[in-house]
Amino acid sequence: MILQQPLRGACRFKWLALALLVVFAAAHASAATDDAEMDNAPETLAASTLTLGRLGGIVNWLLRAHNATRTLLRETRVKLAAETSRARAAEARLTPRWVANSINASCLGQISKEMRRSLAVELSLGQAMSAARAAFTETTGSLTSEVSRALASDASVQWDIEMEETRAVNIESSLSSSLSVEVSRATTTDVSLSTALTVETARASAVEQQLSSALQGEILRATTIDAALGQVFNSLSVCPANAVGAPNCKCDSGFTGTLTWTGNAWTGSCIAAPCPLNSNGAPSCQCNDGFVGALAWVGSAWAGVCSVAACPANSNGGPACTCNSGFTGALTWVGNAWTGTCAAAACPASSNGAPACVCNSGFLGTLTWSGSEWLGTCEQIPQLLHLSTGRTHTCGITAAGLVRCWGTNQYGEFGIGTTTSLISSSPVAAFPSVTNAVQVACGQGFTCVLLATGAMLCSGTNSHGQLGTGTQAPLSTPAQVTTGVTQISVGERHTCAVYTNGDMKCWGDNSISQLGLFNSYFSPSTAPLALYGVKQVSCGMYFTCALHTSGLVYCAGQYHAMGVGFNQIGNIGSDGSIACGGGHCCAIVASSNNAVKCWGNRYFGQLGDGTTGINDLVSFTAAPTPIASGVARITAGWLHSCAIETSGAVKCWGHNANGQLGVGSTDWKPLPTALAISGVKSIVAGPSSYHTCVVLLAGGFRCFGENAYGQLGVGLSVPSILSPTQIATVFI
């Protein structure tokens with residue numbers, strides 16, 4: 001059907017051109033017959049020339065029609081090729097290749113047959129046109145010759161022009177008749193060709209119907225094959241779990257595994273690939289909270305790293321950032337960064353220094369950061385009025401007049417009603433009935449307390465009558481010994497007191513005349529010693545020294561006994577003070593700008609003269625001056641000495657095997673050595689003690705040295721402390 005109309009028109013043009021050529025040939029033949037007549041007839045020549053011009057125009061028109069027909073045929077071929085290509089494409093999509101090839105072969109056979117017929121017609125037309133052109137060329141040549149001859153003989157044939165015109169009219173009439181006949185014959189031929197074309201069209205329609213039926217059958221077959229192929233494709237298109245890309249299935253992003261096509265299904269599995277370090281969420285891995293980084297799936301593994309994100313200000317602990325100690329706030333991980341802030345938490349009452357809160361000056365306590373708030377309390381440090389150290393225990397007097405002791409209570413020295421071996425590393429309410437104590441003195445296993453009323457109470461061991469009770473029976477409950485007392489002091493096993501009238505009385509051990517008497521006395525009830533106007537008394541381990549109001553110093557006992565009684569050893573001025581230890585004494589010499597002067601045994605460097613290992617006695621007169629001036633307080637232990645300068649600096653010297661000098665080591669120091677402490681109010685070290693304590697201006701105290709019995713107040717976890725340590729206990 002595609003070729004029907006173009007072929008039909010082409011055939012018409014070709015046959016009409018053929019008819020006209022035939023007419024032209026007949027006319028040319030007739031004109032040739034009359035050549036002899038036309039030699040003498042110019043009119044006939046002119047008429048023939050006109051006729052030839054008309055015929056040339058017809059021939060030109062036929063040539064243009066022929067060219068148009070050829071153009072139409074080319075366009076038809078192009079359309080046919082395009083339709084053929086579309087048909088082939090459609091058939092290729094619907095049918096297997098072998099089916100399409102079969103259909104194409106059948107269709108192309110029919111189409112080729114029609115093309116051959118069309119090409120035969122076109123060839124015939126071409127041959128006719130070639131004959132016409134040749135005839136026209138021949139006729140034109142003849143006419144040209146005839147015109148030349150006619151012109152040459154024009155003068156001779158002028159007389160019969162009219163006759164020739166008549167003959168030309170007749171010839172034209174004859175030619176017209178011939179042309180009519182030829183046109184009729186051409187019409188008849190065209191009808192025949194039209195009839196033939198109709199027949200061919202019918203045959204082409206029949207072929208087209210056959211091809212259409214065959215095509216429908218092939219389409220049905222292709223549909224069936226397509227359904228079968230669809231089932232196979234569907235099986236191919238169903239990938240296993242966690243796989244994509246059918247029909248060429250492969251593991252999805254974030255999954256790894258091996259997939260194999262076994263004929264009608266996929267085998268194998270895809271499992272989530274492990275996420276990189278510090279990430280989670282497989283198969284779609286992302287950095288953990290608190291981590292930042294770029295992760296990308298590359299082929300079969302994750303690429304990239306997750307690094308700890310920076311914590312906000314005042315926080316730490318990345319990747320799980322939390323506010324620093326002393327700071328509070330809510331930190332939240334949002335996407336790839338921390339949000340929120342950390343602000344300094346408020347300090348508890350009586351403390352300051354946020355975010356690192358500490359108790360205020362004059363307050364004591366332990367503050368602990370729980371993670372969201374400060375725990376603990378700061379209680380005001382009691383102002384200690386007095387402090388004293390014995391061999392194995394220490395006692396103090398609070399501003400409220402209460403007695404607190406720590407260390408050992410083996411002999412009842414705490415005065416709490418028991419003589420069992422009680423070791424306490426925290427203050428114990430000693431002498432519980434006392435509420436107005438003003439001074440305490442600790443000896444070897446016993447304690448004496450001076451009340452604001454002037455009464456004196458003692459408790460503990462009493463092997464040499466040192467309690468002053470008139471017997472040698474020990475006491476675990478304090479007993480009042482005497483009254484009217486202003487100052488007390490104890491040695492290893494003896495006791496002395498200064499009374500309001502300036503008298504001084506001593507009792508206890510007198511084995512080395514430390515009492516200045518002939519015999520030992522178990523109570524102060526006897527007559528006072530042959531001293532009056534006494535301002536201060538200080539008991540050494542086995543001797544006693546007293547400061548007279550005149551500034552004179554008198555001593556008796558070990559290293560000083562020259563017969564019976566107290567011997568004058570020197571003058572330090574009425575505003576001076578004395579402190580006696582195990583075998584030496586030191587004094588603040590008020591008359592020498594408060595210089596320190598020490599005398600007695602100097603083997604351990606306790607005199608501060610820079611020497612050690614010399615086992616001799618140094619007299620008061622020859623005593624060195626370890627500190628030349630500016631001393632406010634002085635104390636002496638068993639084998640060491642300490643002083644507080646008016647500047648607040650603390651210096652110690654002498655024996656240091658237990659760290660009693662507080663200088664951070666156990667090295668002996670034969671010269672005064674500064675301690676790393678300031679703000680000291682007073683300092684004490686008893687004649688039998690291996691430790692030292694200081695009272696602070698801000699309240700509380702610090703102790704250092706031996707701690708075998710808990711006498712430092714810091715527990716029993718360490719045998720000794722080498723530098724000043726704050727007692728973390730509040731007195732009640």
Side-chain angles (χ1 to χ4, degrees), residues 441 486-492 494-499 501-506 510 512-517 528-602 606-609 616-638 640-644 654 683-687:
T486 59
Q487 189 251 326
I488 61 175
S489 181
V490 299
E492 177 78 2
H494 72 287
T495 306
C496 294
V498 177
Y499 290 80
N501 60 1
D503 289 345
M504 182 181 74
K505 295 183 179 181
C506 298
N510 192 39
I512 312 179
S513 299
Q514 53 265 51
L515 302 183
L517 300 172
L529 299 175
L531 286 175
Y532 58 90
V534 176
K535 180 182 178 181
Q536 178 198 357
V537 63
S538 179
C539 295
M541 181 173 288
Y542 297 110
F543 61 95
T544 305
C545 290
L547 174 61
H548 193 265
T549 55
S550 63
L552 293 173
V553 176
Y554 296 86
C555 296
Q558 187 181 26
Y559 308 135
H560 301 90
M562 296 297 293
V564 178
F566 283 84
N567 299 303
Q568 178 181 327
I569 62 169
N571 192 325
I572 63 173
S574 60
D575 292 329
S577 63
I578 56 176
C580 295
H584 72 288
C585 285
C586 290
I588 297 176
V589 184
S591 58
S592 298
N593 296 320
N594 290 340
V596 171
K597 195 171 187 176
C598 298
W599 64 96
N601 188 288
R602 61 173 178 173
Q606 58 265 53
L607 301 188
D609 61 354
D616 62 355
L617 299 177
V618 177
S619 66
F620 179 84
T621 302
T625 304
I627 301 177
S629 63
V631 177
R633 291 183 178 271
I634 191 76
T635 190
W638 182 41
H640 71 286
S641 307
C642 294
I644 302 175
I683 186 167
V684 293

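The figures that follow rest on heavy atoms only: side chains count, while hydrogens, waters and symmetry mates do not. We count residues from 1, following the sequence as given. Owing to the predicted nature of the structure, the values given are computational and were not obtained by experimental measurement.
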* Heavy-atom donor-acceptor pair, Ser619 side chain to Ala622 backbone, under 3.5 Å -> yes
* **Worked check of disulfide (SG to SG under 2.5 Å) between Cys580 and Cys545** => CA-CA 7 Å; Cys580 295; Cys545 290; 3.9 Å; no
* Straight-line distance of Leu552 CG to Phe566 CZ, nearest 0.5 Å -> 14.0 Å
* Could you give the distance from OH (Tyr532) to OG1 (Thr549), rounded to the nearest 0.5 Å? -> 9.0 Å
* Structure fact -> Heavy atoms of Cys539 and Ser489 approach each other most closely as N-OG, 2.9 Å
* Structure fact -> So NZ of Lys535 and OG of Ser550: to nearest 0.5 Å the spacing works out to 10.5 Å
* Structure fact -> Correct closest heavy-atom pair for Glu492 and Tyr542 would be CG-OH, 3.9 Å
* Do Ser629 side-chain atoms and Asn593 backbone N/O form a donor-acceptor pair below 3.5 Å? -> no
* Pairwise distance CZ(Phe543) to SG(Cys555) - rounded to 0.5 angstrom -> 7.0 Å
* Asked: If every non-hydrogen atom of Ala595 is compared with every non-hydrogen atom of Ala628, which pair is closest and at what distance?
  -> CB-O, 2.9 Å
* Asked: Is the side chain of Gln487 donor-acceptor paired with the backbone N or O of Val537 at a distance under 3.5 Å, no angle test?
  -> yes
* To do: Check step by step if disulfide (SG to SG under 2.5 Å) holds for Cys585 and Cys598.
  => CA-CA 6 Å; Cys585 285; Cys598 298; over 6 Å; no
* In Å and rounded to the nearest 0.5 Å, what is the NE2 to CG distance from His584 to Asn601? -> 9.0 Å
* Structure fact -> Met504 and Ala546 have their tightest heavy-atom pair at SD-CB, 3.9 Å
* **Sidechain-backbone polar pair: Ser577 side chain, Ile588 backbone, donor-acceptor under 3.5 Å** => no
* Where the side chain of Gln514 meets the backbone of Gln558, is there a donor-acceptor pair that is under 3.5 Å apart? -> no
* Structure fact -> For Thr635 and Ala685, the nearest pair of non-hydrogen atoms, with its separation, is OG1-N, 2.9 Å
* Asked: Roughly how far apart are Thr544 OG1 and His494 NE2, rounded to 0.5 Å?
  -> 3.0 Å
* **Heavy-atom closest pair, residues Gly576 and Leu547** => O-CD2, 3.2 Å
* Check: Val498 main-chain N/O paired with Thr486 side-chain donor or acceptor under 3.5 Å -> yes
